Amino acid sequence: MILSPTTENLSRAADVLRTGGVVAIPTETVYGLAGRIDNDRALGSIFHLKGRPADNPLIVHVSSTLEAQEVVHASAHGQLVRLAELFWPGPLTLVLPKADGVSSIVTGGLQTVAVRMPEHPIARTIIELCGSPLAAPSANRSGRPSPTTAEHVEADLGEDVMIVDGGPCRVGLESTVVRVLPDRLVILRPGVITAQELYARSGLPVDHAEDDADLIASPGTRYRHYAPNAVLTIVSSEEEAHVLLSGGDKNVMILSRPEVQASFRIAIIGSLTEHDLYAELRRADDLHVERIVVLCDEAVRGNEALMNRLRKASGDGNDQDPGT
Ligand code: TXA
Ligand code: MG
């Protein structure tokens, strides 16, 4: 059930959350399926509705830094406050040692907790009205692209789930997730807040999670993600794209930056931007597209977050559990 974001509906949503229900809410990145972090029934519904593996931890969403301090271990409050002042509210998730009281259902049994303060006013209002931090994974069925509109959420989770409509999400890709270590940051999931920006604003060295230990630290990166039904092939030049497109497949989509679409003469042309990617992958499924040719020219290859999601959608590095 999709609700417009009137004052009355926001209090209705907060009531549902307060009493252990779940509500899909808009954030500036993607829609999240929210539930109170201290309510096991709500947390259970989140995992159940998404079909999500229990060892994949959830991001805690807060409406103030003070609230974030409640879930982060006191020894890390200094780092938390410093980074929060620089980057919050916004699309940056901080992974820090957890406070004792945080449920292991939220952290997937880890000793760390992921926390972020969203920039979207509707998300923050709902958290405030509810009076508790909210766990909120992306509101898609596991294995589907993250939802960037209320309609995407309804298509995945059905009409029984309460969805607050905030229109299309401004960013369109999930937040950057960083592990905060005493002397450096490690990017576990790239996003619109880039390594360069993290370094420029915090002065801390920034590494990328590449080895196994870091991947274990972010279980979500092990699962298959963002997968359309079509085979997705990444090419690096217009010439290569034309060769593949002339192969005779009937239902083909070309996905490229809007600036380089002019030479393509096929019916289904998609816009390759952070904002549009997930909506285009869903459109491909709706149109029963069998093959998506993605033109990753230099400009696209320079976009780490977009390339990360495209590689996952193409099946690269998704060697585990294709059913999730
Ligand atoms: O933009 C976003 O982050 C969206 C919106 C709704 O806020 N949320 C989102 O949540 O993308 P989700 O659950 O789809 O992705 C959370 C990611 C997963 O890859 C998970 O493994 C990782 O964050 N994560 C959560 N807690 C963690 C922890 N304690 N340590 C390492 N990684 C963690
Ligand atoms: Mg997700």
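Atoms within each ligand, like the ligands themselves, are counted from 1 in listed order. Note that the coordinates shown come from a computational prediction; the quantities given were computed from them, not determined experimentally.
With a heavy-atom cut-off of 4.0 Å, R179 does not touch ligand 1 at all. The proximity of T107 to ligand 1, defined as any non-hydrogen pair under 4.0 Å, does not occur for either the backbone or the side chain. The residue K98 has no part lying near ligand 1, judged by heavy-atom distances below 4.0 Å. At a heavy-atom distance under 4.0 Å, atoms from both the backbone and the side chain of T112 approach ligand 1. Residue R52 touches ligand 1 through its side chain alone, judged by heavy-atom distances below 4.0 Å.
Listed by number with element, the atoms of ligand 1 under 4.0 angstrom from any heavy atom of H61 are 5 (C), 6 (C), 7 (O). Atom numbering of ligand 1 starts at 1 in the shown order; those under 4.0 Å from a heavy atom of A114 are 25 (C), 26 (N), 27 (C), 29 (N). Less than 4.0 angstrom separates some heavy atom of L110 from each of these atoms of ligand 1: 28 (C), 29 (N), 30 (N). Heavy-atom proximity to G32, at under 4.0 Å, picks out these atoms of ligand 1: 6 (C). Near S138, meaning under 4.0 Å from any of its heavy atoms, are these atoms of ligand 1: 8 (N), 9 (C), 10 (O), 12 (P), 14 (O). Listed by number with element, the atoms of ligand 1 under 4.0 angstrom from any heavy atom of P137 are 10 (O), 12 (P), 13 (O).
Formation of a donor-acceptor pair under 3.5 Å by the R189 side chain with backbone atoms of S175 is found in this model. Under a 3.5 Å cut-off, the side chain of R184 and the backbone N or O of P205 do not form any donor-acceptor pair.
Looking at H275, E274, E119, H120 one by one, the single match for side chain to side chain contact (heavy atoms under 4.5 Å, CB included) with R170 turns out to be E119.
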Give the table of side-chain donor-acceptor pairs shorter than 3.5 Å for residues 71-84, with sequence neighbours excluded, one pair per line with atom names and distance.
| residue | atom | partner | partner atom | Å |
| --- | --- | --- | --- | --- |
| H73 | ND1 | S75 | N | 3.2 |
| H73 | ND1 | S75 | OG | 2.8 |
| H77 | NE2 | Q69 | O | 2.9 |
| H77 | NE2 | V72 | O | 2.8 |
| Q79 | NE2 | L181 | O | 2.8 |
| R82 | NH2 | S202 | O | 2.9 |

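Note: no N/O pair closer than 3.5 Å links Y31 and ligand 1 by distance alone. Between R189 and ligand 1, a contact under 3.5 Å exists for at least one N or O pair. For ligand 1, the polar-atom distance check against K50 finds no nitrogen or oxygen pair separated by under 3.5 Å.
Between E280 and R283, at least one side-chain N (NZ, or NE/NH1/NH2) sits under 4.0 Å from a carboxylate O, which counts as a salt bridge.
At a threshold of 4.5 Å between non-hydrogen side-chain atoms, the residues V235 and V243 do not count as touching. A heavy-atom distance below 4.5 Å is found between the side chains of S138 and K50. Counting only heavy atoms from C-beta outward, the side chains of I59 and E174 never approach each other to under 4.5 Å. At a threshold of 4.5 Å between non-hydrogen side-chain atoms, the residues P26 and V164 count as touching.
Counting backbone and side-chain atoms alike, S142 contributes no N/O/S atom closer than 2.8 Å to the Mg ion (ligand 2).
There is a path of hydrophobic side-chain contacts, each under 4.5 Å, that joins M117 to L92.
There is a side-chain donor-acceptor pair under 3.5 Å between R116 and T29.
In this structure, A136 has a heavy atom closer than 4.0 Å to ligand 1.
For atom 33 (C) of ligand 1, the candidate residues are P53, G109, P57, C169; the nearest heavy-atom contact is made by P57. Among S175, G191, P26, the residue whose heavy atom lies closest to atom 3 (O) of ligand 1 is S175.
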